[in-house]
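Take a look at the structure set out below.
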2 protein chains.
Amino acid sequence: MVMNRKCIIRLSRYKNALKRLKSLGFVKVFSGNLADAAGVTSSQVRKDFSLFGITGNRRGGYRVDELIERISLILGKNELQKVVIVGMGNIGKALMRYRGFEAGGIKVLAGFDIDPAKYNKLAEIPILPLEDFREFVQSQGVKIAILAVPDVSAHHVSEVIISAGIKGILNFAPIQLRGADDVVVSSINLEVELENLIYFVNAGAKTEPEIEA
Amino acid sequence: MVMNRKCIIRLSRYKNALKRLKSLGFVKVFSGNLADAAGVTSSQVRKDFSLFGITGNRRGGYRVDELIERISLILGKNELQKVVIVGMGNIGKALMRYRGFEAGGIKVLAGFDIDPAKYNKLAEIPILPLEDFREFVQSQGVKIAILAVPDVSAHHVSEVIISAGIKGILNFAPIQLRGADDVVVSSINLEVELENLIYFVNAGAKTEPEIEA
DNA sequence: GTTTTATTGCCTTAGTTTTCACAATAATTT
DNA sequence: AAATTATTGTGAAAACTAAGGCAATAAAAC
């Protein structure tokens, strides 16, 4: 099992590039094409593929359909992935309305909050009380949650959702979550992102630090 | 000049940890404390500091105030950093309302869109036509933009803002921006993030892949 | 059907990042 | 004030990641 995060990110990029190429009518693709699309070298593409046992034809490249299928399987995207959003503030609501997930096989099943004024149990994507979280995710088999609560509540809420069985958290709160060993936490900290950008802009960075959240 | 992105991210984390420690009354801090707070080893902390010429006292640790000051200077956070947001869709509006930036010395000066229905020139943070972008950022000296437009317009809009003088872009559009050499692009792709999370959750990741967008 | 050509697959080399180990030394104890 | 202890600062080693180079070989050309 490949545990290199950067490699998995590149797989996602290859998949996106492949979908574009497919929509343009491409049937075959070479490592160099994907390399250009993803901004890496062709050796890197072939090396990544070899890590997952993906093979093509010498001189014939790779079949686009097959490759998309193969990568989707690796990324778990051949089946619909169910997620929930916890925290219906600015970010949480925006993510709830974000339509980009559906095309990628990601389905937001519900939002959760502690503020009764935000509940809306009848909406297409319902907003439910946090008290209902455990029952909901267990009955629906949800393993992934997006955490978009204020920093002061983030630690507490993370414990609640982990105890309910969540195994992966995309954390937008600007704190370092300490999850259980079998829980994967991925953080997006907007201020840290901006600080980074500011640093490299001020540094007059020639070497663009190919940043992918 | 240190060009290691991960190292800069850790600096941001150290700074956040230091601010918390300061608010708790800490005056001195040891590399081990910061290591715990940031989820790294103490050698890593000291090595990072040594890269920037930050020194403490043997056996005495580091002074919290001094360290915050020093790191802020490195990250360019000793002066107010002005940013603009381009694209007033779900994400753009949410970021506009996000109050977390101010505490960190980041000031959102304005939002921009092409839809006249969204203009609001009199708001505290005005929403202006994209046509006014160049004049605005040049008169205000803005170098950083958050790009939150739909993927189809992202490439075009990025060219517009780069030609207006933007040197750093935090890109939320799910495409690979190809900026000029002196423009730093940092991308946050929510779908890629989730795909990553799904992969590592399915892999039953023991080794939490310390993800920081 | 033979030759040429382009591309993969992988082994090797190079580069980067992290960890280890320990001398130097400032604070604390005796 | 001497001895002890805890912590830094950094050079060296290890681990990890990416790039380069080339034999194997499938497709294309002749």
Side-chain angles (χ1 to χ4, degrees), chain A residues 1-14 17-18 21 26-64 66-67 70-71 196 200 205-212, chain B residues 1-14 17-18 21 26-64 66-67 70-71 196 200 205-212:
Chain A
M1 183 64 60
V2 178
M3 280 309 187
N4 177 341
R5 175 169 146 80
K6 283 197 197 166
C7 180
I8 307 299
I9 286 177
R10 286 194 298 266
L11 275 194
S12 284
R13 285 202 198 156
Y14 301 151
L18 284 163
L21 292 169
F26 280 66
V27 173
K28 297 196 303 186
V29 70
F30 301 118
S31 57
N33 304 139
L34 288 173
D36 292 344
V40 298
T41 64
S42 62
S43 324
Q44 180 85 80
V45 174
R46 297 198 300 277
K47 171 68 90 176
D48 286 340
F49 286 178
S50 87
L51 289 174
F52 293 99
I54 294 174
T55 61
N57 285 346
R58 285 175 205 246
R59 166 102 204 216
Y62 306 84
R63 292 190 50 80
V64 172
E66 202 178 308
L67 216 40
R70 205 70 198 287
I71 295 176
N196 237 264
F200 285 107
K206 298 286 171 278
T207 41
E208 196 172 324
E210 60 147 272
I211 299 163
E212 172 77 48
Chain B
M1 182 63 60
V2 178
M3 280 311 189
N4 177 341
R5 174 169 147 81
K6 283 198 198 166
C7 181
I8 307 300
I9 286 176
R10 286 194 299 266
L11 275 194
S12 284
R13 286 201 198 157
Y14 301 151
L18 285 163
L21 292 169
F26 280 66
V27 174
K28 298 198 301 187
V29 71
F30 302 117
S31 58
N33 305 139
L34 287 172
D36 292 344
V40 298
T41 65
S42 62
S43 328
Q44 180 87 80
V45 173
R46 296 198 302 277
K47 176 66 93 180
D48 286 340
F49 285 178
S50 89
L51 289 173
F52 292 100
I54 294 174
T55 61
N57 285 344
R58 286 176 205 247
R59 166 100 204 219
Y62 306 84
R63 291 190 51 81
V64 172
E66 203 178 307
L67 214 41
R70 204 70 197 287
I71 295 176
N196 237 264
F200 284 106
K206 298 286 172 279
T207 40
E208 198 171 323
E210 62 148 273
I211 300 162
E212 174 76 46

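If you're wondering where the values come from, they're calculated on a predicted model, not measured in any experiment. In what follows, every chain begins at residue 1, and chains take the letters A, B, ... in the order their sequences are listed.
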So, does the side chain of R59(A) form a donor-acceptor pair with the base of dT5(C) at under 3.5 Å?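 Counting by modelled atom types and ignoring angles, a donor-acceptor contact under 3.5 Å is found here.
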What integer distance in Å separates [X]:[atom1] from [N]:[atom2]?
X	N	atom1	atom2	result
M3(A)	dA15(D)	CE	P	19 Å
D36(A)	dT7(C)	CG	P	12 Å
R5(B)	dT17(D)	CZ	P	16 Å
R63(B)	dT7(D)	CZ	P	17 Å
F49(B)	dT7(D)	CZ	P	15 Å
L67(A)	dT7(C)	CG	C1'	15 Å
F30(B)	dT8(D)	CZ	C1'	11 Å
D48(A)	dT8(C)	CG	C1'	15 Å

Among the nucleotides [options], which one has an atom lying closest to any side-chain atom of [X]?
X	options	value
Q44(A)	dC20(C), dT18(C), dA18(D)	dA18(D)
R58(A)	dT7(C), dA24(C), dT18(C)	dT7(C)
K47(A)	dT8(D), dT10(D), dT12(C)	dT12(C)

Are [X] and [N] close enough that a side-chain N or O sits under 4.0 Å from OP1 or OP2?
X	N	value
N4(A)	dC16(D)	no
T41(A)	dA19(D)	yes
S31(A)	dT8(C)	yes
R46(A)	dG9(C)	no
Y62(B)	dA26(C)	no

How would you label the contact of S42(B) with the nucleic acid (heavy atoms, under 4.0 Å): base, sugar-phosphate, or nothing? nothing
Under 3.5 Å, side chain of [X] to main-chain N/O of [Y], donor-acceptor pair present?
X	Y	result
R63(B)	K28(B)	no
T41(A)	Q44(A)	yes
D48(A)	V45(A)	no

Would you sort out whether V27(B) and V64(B) count as a side chain to side chain contact (heavy atoms under 4.5 Å, CB included), showing the intermediate values? CA-CA 5 Å; V27(B) 174; V64(B) 172; 5.7 Å; no
Y14(B) and ring-ring contact (aromatic ring centres under 6.0 Å, His included): which partner among F49(B), Y62(B), F52(B)?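 With Y14(B) as partner, ring-ring contact (aromatic ring centres under 6.0 Å, His included) holds for just one option, F49(B).
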